[in-house]
Amino acid sequence: MKTPNNGPSEVLLAAQGIRKSYGHLEILRGIDLNLGTGEHVSIIGPSGSGKSTLIRCLNFLEMPDGGSIDFGGKRIWDEKSPIKEADSRAHRTKVGMVFQSFNLFATHTALQNVSIAQVHTLGRSRKAADDRSRELLDQVGLSEHLDKHPGQLSGGQQQRVAIARALAMDPEIMLFDEPTSAIDPEMRVEVLRVMKDLANGGMTMISVTHEFNFARDAADRVLFLAGGLIVEEGTPDEIFSAPKQERTQQFVNAVSGIV
Amino acid sequence: MDYIVESLTRLLPGLLTSVQMTVVSVAIGMVLGFLGGLLLNNRHRGVRYPVIALVEVLRGFPALLTLYFVYFGLPKLDVVLDGFVAVVIAFGLTVAAYTAEIFRAAIASVPRGQREAALSLGLRRNKTIRLIVLPHVLRVAVPPLLGIVVIAFQGTSLAISIGQLELTGVALNFGMSTFYLLPEILMAGALYLIVTTLLTWVEIVSERRAQRLSGGSYQGSGRKRRRGVPKISTEALRTTG
Ligand SMILES: Nc1ncnc2c1ncn2[C@@H]1O[C@H](COP(=O)(O)OP(=O)(O)O)[C@@H](O)[C@H]1O
Ligand SMILES: [Mg+2]
């Protein structure tokens, strides 16, 4: 288990009854997800169950069809009041997103990747932005690679640049969508270490992951998502060692290689 | 030796005309081609299809026919053009047709994930295009565009057919009226060769730079990276929003 938070904290993010369909296909069928400040929730579930769709709804890369989202105690979206472009942009600067496929800007160096939105979204000076970027890239163990382009970096290194890029916006919450799934197994450990440090340092996080050991060590709570619904929710111990639902048990066993 | 110097003083102004024709027609062609590339990426068929038709017609027409059409055809509509202007308009249109496809593919090759990353960082749309999309497009498009420049440069020799004398024209004109046709052709050929070799060399260097974008250990989100430039008729039809 990660270092627990002290006492009950205020709710930072509250998503209620989130629904989303693509055409006739209902992907999310009413998801409730509350997250306290400093809390880390891991989401597990079979491929295609809607994990990516859910966290993409939380920063409006996808628009939910139904439900409501509160952030920092304020209603920022519900099905009756669509969000304005400027408001969704403002929201996204508070939400750091890390993608499965890194999505670094290929024409830019590692340093530029981390600095670009600091300058062009937050309005920091180039110097202040670069200083902050160097600090963050050092923190994720990449101070040797500031001037390399994404194509010259390994998957694990690219993902750490992507994490630094998201952190550079000083987000209030970080979303990780299977951050290690596209990385060779032996290169994952560095990325997971960075994420663990973040969680233990009190960052509010949601991580979609198949790394059960990581979720055990670093999550406060685990959600099992299947068929567009949250099937079960509990502490890492409850979910991984003593799941109540048979569906959860089957999934956990299958991923852990126990038949 | 005297002949070479004398020939060069005759041919170099012709080469200059060739270069001018190339630069102006390529400039016209790339601006139109970039617009065409944007339109070919439009999500609406009603926008894409007419552009596709126009591009196919211009690519189907031999450049010589387009030139004749502009130079001899337009005066019938009371548009009379200077020879040089007719050449750069005709070749500009042909270049536009070929580069539209290059730009279309280059614009489409910017991975969607990079736009999403830009969105998630709160970057505005215009900044995303300027800071993320455009550098990518230029890097990807420059090598094939240089290939078009080489072809356009050699294509300017067609201008002789409407009496515009550039490098080929000057060489043939002199060679045919003297006993020096063969050496004059060789001299002109050598000049063409020097210019195209230079361009090809730049093309190879820029190609290497472009490959770095997709090279190394980059792992896309399962989507296939495009190799080269796909043909218009299949790919552009498929673009959907
Ligand atoms: N843009 C889209 N259009 C249509 N279907 C989609 C789209 N995005 C995802 N889906 C479908 O939604 C389902 C859930 O996808 P996703 O949220 O990516 O699942 P997960 O991340 O849990 O693997 C899948 O069946 C997927 O094919
Ligand atoms: Mg997913």
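Throughout, protein chains are lettered first and strands after them, A, B, ... in sequence-line order, and every chain is numbered starting at 1. Atoms considered below: every heavy atom in the structure, side chains included; atoms not considered: hydrogens, waters and symmetry mates. Computed from a prediction, not measured in an experiment: that's the story for all the values here.
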### Message
Just so I understand: if I count every heavy-atom pair under 4.5 Å between each of A/His149, A/Lys94, A/Arg89, A/Arg92 and chain B, which residue has the most?
### Response
A/Arg89

### Message
Check this for me: A/Arg75, atom CZ, are more than 12 non-hydrogen atoms of other residues, nucleotides or ligands nearer than 6.0 Å?
### Response
yes

### Task
Inspect the surroundings of CZ in B/Phe61 and state if more than 12 heavy atoms from other residues, nucleotides or ligands are less than 6.0 Å away.
no

Could you tell me the separation between the [atom1] atom of [X] and the [atom2] atom of [Y], rounded to the nearest 0.5 Å?
X	Y	atom1	atom2	value
B/Leu121	A/Asn103	CG	CG	10.0 Å
B/Glu116	A/Asn59	CD	CG	9.0 Å
A/Glu85	B/Arg124	CD	CZ	8.5 Å

Does any backbone or side-chain atom of [X] lie under 4.5 Å from a heavy atom of chain B? Answer side chain, backbone, both or neither.
X	answer
A/Arg56	side chain
A/His108	side chain
A/Phe105	both

### Task
From the options A/Met169, A/Arg165, A/Met97, select the one residue that forms a side chain to side chain contact (heavy atoms under 4.5 Å, CB included) with B/Ser120.
A/Met97

### Interface residues of residues 111-144 of chain A facing chain B - heavy atom cut-off under 4.5 Å
A/Ile116, A/Ala117, A/His120, A/Thr121

